[in-house]
Amino acid sequence: MNLMFEPLRKKLTLPLLKAIQNCGVMSSSEEIYKFLVEPPNPDMGQLAFGCFVVSKNLKKAPAVAAVEIKNQLEKIEGVDSVEAAGPYLNFKFSSQFLAESILIPILNKKTFSENLVVDAPKTMIEYSQPNTHKELHVGHMRNLCLGDALVRLLRRSYGNNQIISSTFPGDVGTHVAKCLWYIKNHIGLNILDQKRNSPDRGEWLGQMYSAGNIKLEDEAIVPEKFEKNKKELTLILKQLESASGEFYDLWKETREWSIQLMQKTYVWADVTFDKWYWESDVDADSVRTIKKYFAEGKLVESQGAIGLDFDFTTETQKEKLGFCLLLKSDGTGLYATKDIELARRKFEDYKIEKSIYVVDQRQALHFKQVFRSLLHLGFEQAKDCFHLQYNFVELPDGAMSSRKGNIVPLMLLVEKMQNHVRTEYLSRYESEWSADELNSVAACVAKGAIKYGMLRQDTNKKIVFDMNEWLKLDGESGPFIQYSYARINSLIKKINISIDGGVDKNFDGGLLIHSSEIKLMQHLMNFNTQILLSAENYKPASLCTYLYETAKKFNSFYHDCSISQAETIELKKARLALAMSTGEILKQGLSLLGIPVPERM
RNA sequence: GCGGCCGUAGUUCAGCUGGAUAGAAUACAACACUACGAAUGUUGGGGUCCCAGGUUCGAAUCCUGGCGGCCGCACCA
């Protein structure tokens with residue numbers, strides 16, 4: 001259940017409820033809280049109540065209802081004026097009240113610790129399902145950034161203990177076989193002695209996979225070669241399955257190389273998982289589980305295979321999800337087989353009530369079938385399983401595919417971005433800052449650029465990745481927000497005044513009357529509402545927009561209202577408090593997106 | 001054929017659980033640094049919100065039907 005935590009809205013609910021009841025209409029605080037919106041123009045006030053709901057019950061025009069409610073409204077402390085403007089009641093708060101109820105909780109950090117929701121469900125978020133023996137590319141970056149931001153947003157909203165993050169790497173399967181096949185048949189196993197000590201052995205495996213795939217596709221048109229290759233691949237897969245033989249040993253060793261490369265990426269992204277589910281671990285059990293369900297009569301047989309049919313029409317039901325195949329006619333499992341077993345483990349091992357899967361949109365039907373199957377098998381939690389689908393990252397000349405080998409490796413983007421930031425923007429500090437600081441700031445800004453770029457766009461729109469466009473860093477970007485933060489930070493250091501008794505105590509908020517100051521405060525007011533909205537709608541992109549607007553509103557304030565040149569020391573203190581609050585919001589907000597801030601840049 | 005997602009300024013996108021005059025960025029034009037950091041700010045032009053119906057006091061937003069693009073639909077993952 002969501003709490004009413006936003007102080008300005010909360011302030012108006014009770015007086016409004018009373019006034020509406022005096023007009024003879026029943027309502028509730030929750031309803032009123034929900035219908036309080038921001039006027040289009042901040043000069044009209046900070047909050048507006050649309051009288052449409054009331055007018056319906058009153059059977060009067062909304063504008064008439066607005067006037068009637070206004071007449072019933074008692075004086076509210078902190079509210080300077082109430083105006084009926086057409087169907088709306090506009091409330092203008094005093095600067096004093098705005099500063100007290102918005103800035104002070106930010107400065108004493110209450111804003112960042114108060115509860116937003118009670119009775120939140122225990123939730124698992126699975127994201128990043130990388131394959132070993134392949135290299136992560138910029139497409140995987142979208143998944144990683146999205147999943148991580150969701151974990152952070154939901155932890156803030158639901159509480160840290162309610163959220164479990166997990167990953168499900170694919171460390172077995174035909175892609176592994178293809179990679180090993182190519183090394184053995186076309187490179188020779190001797191090379192491994194040399195690769196063992198090579199720093200790029202993980203990347204190299206990815207290249208071997210691509211090369212193997214291309215080779216196999218080329219040779220598939222010659223029937224003899226096709227048959228020979230198929231036999232060799234089957235042999236490899238059999239060895240992996242039986243956990244013995246030279247390919248099994250090879251797999252065990254090379255798997256580690258890939259995992260180390262993944263870890264490197266996760267370290268870069270500041271991502272950690274509470275639980276790693278390995279495909280190799282789930283694989284065998286999944287087939288056993290499905291066979292058990294079949295023996296219990298919960299599944300059907302069709303054309304020698306086993307699964308569930310969700311394509312039927314009866315008098316009461318209509319389903320068009322197709323046939324969900326769970327066991328092939330040769331008795332082996334499929335992707336869906338593993339996902340059923342995986343879900344079972346999540347439900348039973350962690351007692352989760354809600355399960356989120358961050359996977360690209362091509363899997364939409366797959367997850368519909370899996371969730372439907374889980375429900376059929378008696379898992380009520382399936383109703384709270386959610387597939388967060390996102391669209392692909394493409395290159396300007398089309399789709400990216402590690403099979404074809406036309407990928408932009410994820411760490412290449414990171415490297416290019418860091419170098420770019422270092423040479424184009426930070427070179428001016430070359431003589432002033434230490435090399436360590438230059439490097440760490442470049443890394444921080446690059447991270448901001450990449451993560452923000454991946455998150456700012458709505459999940460169901462595709463991203464066309466153009467390296468040159470990404471390196472531009474102007475307009476709505478992560479570094480724009482980081483820059484605003486860095487500027488606020490150095491501003492605070494330079495102003496060099498102290499606020500008696502700490503910044504959260506003694507400043508006169510009543511002095512903040514410039515429209516840029518009011519607009520900024522009004523915007524800061526919505527921080528927690530915005531977080532909850534982003535979390536519950538699974539939309540980190542909306543938090544991106546919010547933070548970008550925060551930075552822009554701060555920039556306007558910065559240009560309109562000088563702090564160092566403020567007329568009085570009191571005004572200086574008040575403006576400083578506003579700047580500090582904004583800096584805090586930017587820092588905390590970015591951290592929920594997984595983006596750090598530099599102290600200077 | 002069936003299903004999912006998308007269609008808003010030249011371009012990339014917000015807004016979509018219905019509400020006040022549809023917003024940014026970019027590109028283009030002009031202006032503002034002896035100044036708390038110009039990775040900035042201010043101003044300007046630029047729109048049949050894919051089309052047609054419907055619901056409503058009110059539709060970019062909801063419903064129906066089209067059109068266009070991408071994706072998916074049984075032994076791959």
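Values in this document were obtained by computation on a predicted structure and should not be read as measured data. Note: hydrogens, waters and symmetry copies are ignored here, and every other heavy atom, side chains too, is used.
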Check: Nearest nucleotide by nearest heavy atom, which residue falls closer to the 5' end of RNA chain B, V53(A) or Q363(A)?
Finding: V53(A)
Next item on the list: For nucleotides U12(B) and U21(B), find the distance between their C1' atoms and express it as a whole number of Å.
Entry: 25 Å
Next item on the list: Provide, to the nearest angstrom, the distance between the CG atom belonging to L233(A) and the P atom belonging to C76(B).
Entry: 13 Å
Note to self: Holding to salt bridge (charged side-chain N to carboxylate O under 4.0 Å, His left out), I want the full list of residues that pass it with R456(A), two or more places apart in sequence or in another chain.
What the structure shows: E476(A)
Next item on the list: Take the protein atom CZ of R362(A) and the nucleotide atom C1' of G72(B), then report the distance between them rounded to whole Å.
Entry: 10 Å
Check: With sequence neighbours left out, what residues match E341(A) under salt bridge (charged side-chain N to carboxylate O under 4.0 Å, His left out)?
Finding: R344(A), R345(A)
Margin query: Using the P atom as the point on both nucleotides, what is the distance between G23(B) and G65(B), in whole Å?
Written below: 33 Å
Item checked: Per-pair stack call F323(A) and A74(B), 5.5 Å, 30° -> yes
Check: When the distance from CG of D360(A) to P of G4(B) is rounded to whole Å, what number comes out?
Finding: 18 Å
Under-3.5 Å N/O pairs linking protein and nucleotides 54-63 of chain B:
none

Checklist line | For RNA chain B, the residues among residues 33-43 of chain A that have a non-hydrogen atom under 4.0 Å from it | finding: P39(A), P40(A)
Note to self: What I want to check is whether the side chains of S329(A) and Q303(A) have a donor and an acceptor closer together than 3.5 Å.
What the structure shows: no
Notebook entry, point to check: On a whole-Å scale, what distance lies between the P atoms belonging to G53(B) and U61(B)?
Noted result: 14 Å
Pick out the pairs of N or O atoms, protein on one side and nucleotides 10-15 of chain B on the other, that lie under 3.5 Å.
unit_1, atom_1, unit_2, atom_2, d
C13(B), OP1, Q457(A), OE1, 2.7
C13(B), OP1, K462(A), O, 3.4
A14(B), OP1, D458(A), N, 2.9
A14(B), OP2, K461(A), NZ, 2.2

Note to self: In whole Å, I'd like the distance from the CG atom of L365(A) to the P atom of C5(B).
What the structure shows: 13 Å
Notebook entry, point to check: What is the ring orientation for F386(A) with Y538(A), classed by angle as parallel under 30°, tilted 30 to 60°, or perpendicular over 60°?
Noted result: parallel
Check: What residues form a ring pair (Phe, Tyr, Trp, His ring centres under 6.0 Å) with H137(A), not counting sequence neighbours?
Finding: H140(A)
Note to self: Base, sugar-phosphate or nothing for A541(A)? Non-hydrogen atoms, less than 4.0 Å.
What the structure shows: nothing
Check: Rounded to the nearest Å, what distance is computed from the CG atom of residue L325(A) to the P atom of nucleotide A77(B)?
Finding: 10 Å
Check: Using a cut-off of 4.0 Å between protein heavy atoms and nucleotide atoms, how would you tag nucleotides 29-42 of chain B 5' to 3' with B, S and -?
Finding: -------BBSBBSS
Next item on the list: Could you check how far CG of L334(A) sits from C1' of C76(B), rounded to whole Å?
Entry: 8 Å
Notebook entry, point to check: How would you label the contact of A305(A) with the nucleic acid (heavy atoms, under 4.0 Å): base, sugar-phosphate, or nothing?
Noted result: base
Next item on the list: Verify the contact: side-chain N or O of N391(A) to OP1 or OP2 of C5(B), cut-off strictly under 4.0 Å; return yes or no.
Entry: no
Check: Of all the choices, A74(B), C6(B), C2(B), which nucleotide is nearest to the side chain of Q303(A) once you look at every atom?
Finding: A74(B)
Notebook entry, point to check: If you measure only the distance, is there a donor-acceptor pair under 3.5 Å linking the side chains of N90(A) and E83(A)?
Noted result: no
Check: Mind checking whether H133(A) and H175(A) have parallel, tilted or perpendicular rings, split at 30° and 60°?
Finding: perpendicular
Next item on the list: Please identify each residue that fulfils salt bridge (charged side-chain N to carboxylate O under 4.0 Å, His left out) with K539(A), with sequence neighbours left out.
Entry: D458(A)
Throw together a table of side-chain donor-acceptor distances under 3.5 angstrom for residues 463-475 of chain A, partners on residues two or more places apart or in other chains.
unit_1, atom_1, unit_2, atom_2, d
D466(A), OD1, N468(A), N, 3.1
E469(A), OE2, K472(A), NZ, 3.1

Notebook entry, point to check: Considering Watson-Crick and G-U wobble pairs with both distances under 3.5 Å, what does A29(B) pair with?
Noted result: U43(B)
Notebook entry, point to check: Is there a side chain to side chain contact (heavy atoms under 4.5 Å, CB included) between L16(A) and F35(A) once you walk through the steps?
Noted result: CA-CA 11 Å; L16(A) 268 170; F35(A) 280 107; over 6 Å; no
Notebook entry, point to check: Taking the same atom, C1', in C50(B) and in G69(B), what whole-Å distance lies between them?
Noted result: 11 Å
Check: Base, sugar-phosphate, or nothing: which does D311(A) touch, judged by heavy atoms less than 4.0 Å apart?
Finding: nothing
Next item on the list: Check every strand shown and say whether L533(A) touches a base, only sugar-phosphate, or nothing at a heavy-atom separation below 4.0 Å.
Entry: base
Next item on the list: Would you indicate whether the side-chain heavy atoms of Q389(A) and F367(A) approach each other to under 4.5 Å?
Entry: no
Notebook entry, point to check: So does E430(A) pair up with R422(A), basic N to acidic O under 4.0 Å?
Noted result: yes
Notebook entry, point to check: Got a donor-acceptor pair under 3.5 Å from the side chain of S302(A) to the base of A74(B)?
Noted result: yes
Margin query: Please enumerate all residues that pass ring pair (Phe, Tyr, Trp, His ring centres under 6.0 Å) together with F557(A), with sequence neighbours excluded.
Written below: F554(A)
Next item on the list: Take atom C1' in G46(B) and the same atom in C62(B), then report the distance between them in whole Å.
Entry: 30 Å
Check: When only distance counts, do a donor and an acceptor, one from the side chain of D339(A) and one from the base of A77(B), lie under 3.5 Å apart?
Finding: no
Margin query: Can you measure H523(A) atom NE2 to G23(B) atom C1' for me and round it to whole angstrom units?
Written below: 14 Å
Next item on the list: Mind calculating the distance between CD (E126(A)) and C1' (A77(B)) to the nearest angstrom?
Entry: 13 Å
Next item on the list: Identify, with sequence neighbours excluded, every residue that meets side chain to side chain contact (heavy atoms under 4.5 Å, CB included) alongside D397(A).
Entry: L395(A)
Item checked: Any strand: nucleotide that pairs with C16(B) via Watson-Crick or wobble, under 3.5 Å -> none
Next item on the list: Using the test side-chain hydrogen bond (donor to acceptor under 3.5 Å, both in side chains), find all partners of Q522(A) that sit at least two apart in sequence or belong to another chain.
Entry: E38(A)
Notebook entry, point to check: If you measure from the P atom in G72(B) to the same atom in A59(B), how many Å do you get, rounded?
Noted result: 38 Å
Check: Distance between the C1' atoms of A14(B) and A24(B), in whole angstroms?
Finding: 7 Å
